[in-house]
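Report on the structure given below.
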Amino acid sequence: ENIKSRFINKELIGKGTYGKAIDVLIENYNKWLQLKKCFQMNNKKYTSTSLREIGILRNLNHPNIVKLLDIIMDHSNIVLIYEYMDTDLK
């Protein structure tokens, strides 16, 4: 199944060197979540650093840190699914 087929009401909220952030409504959850799609997963140095950071994020549980809910591998990309945050840090 294509990952994108599960998302409805997609809205790009930011884009950077290593990926982009998107607000989505996922039909199975019926709630808003935020995705971070990471690029360049075919780069070994970037991949090992990213996987180490993802491992740390998966184990963090603090009210002031957005919770990483799930991880999806999609070809050369990793999609990180976070709880929804209705504001940014600006």
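The analysis underlying the following values was restricted to heavy atoms, covering all of them including side chains, and did not include hydrogens, waters or symmetry mates.
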If you take all heavy atoms of I13 and Q34, which pair is closest and at what distance?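 Closest approach of I13 to Q34, heavy atoms only: CD1-NE2, 3.8 Å.
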Heavy-atom pair of closest approach, residues W32 and Y84: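 So the two residues come closest at O-CB, 3.3 Å.
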Of L69, I71, I72, which is the lone residue that meets side-chain contact (heavy atoms from CB on, under 4.5 Å) with L80?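 Exactly one option meets the side-chain contact (heavy atoms from CB on, under 4.5 Å) with L80, and it is I71.
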L57: which residues meet the side chain to side chain contact (heavy atoms under 4.5 Å, CB included) condition with it, sequence neighbours left out?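 Per chain and number, L57 pairs via side chain to side chain contact (heavy atoms under 4.5 Å, CB included) with L60, L68, Y82.
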So, taking the atom named CZ in R58 and the one named CD in E53, what distance separates them when rounded to the nearest 0.5 Å?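 Taking CZ in R58 and CD in E53, the distance rounds to 15.0 Å.
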Gap between atom CD1 of I81 and atom CD1 of I22 - 0.5 Å precision: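 One gets 11.0 Å once the value is rounded to the nearest 0.5 Å.
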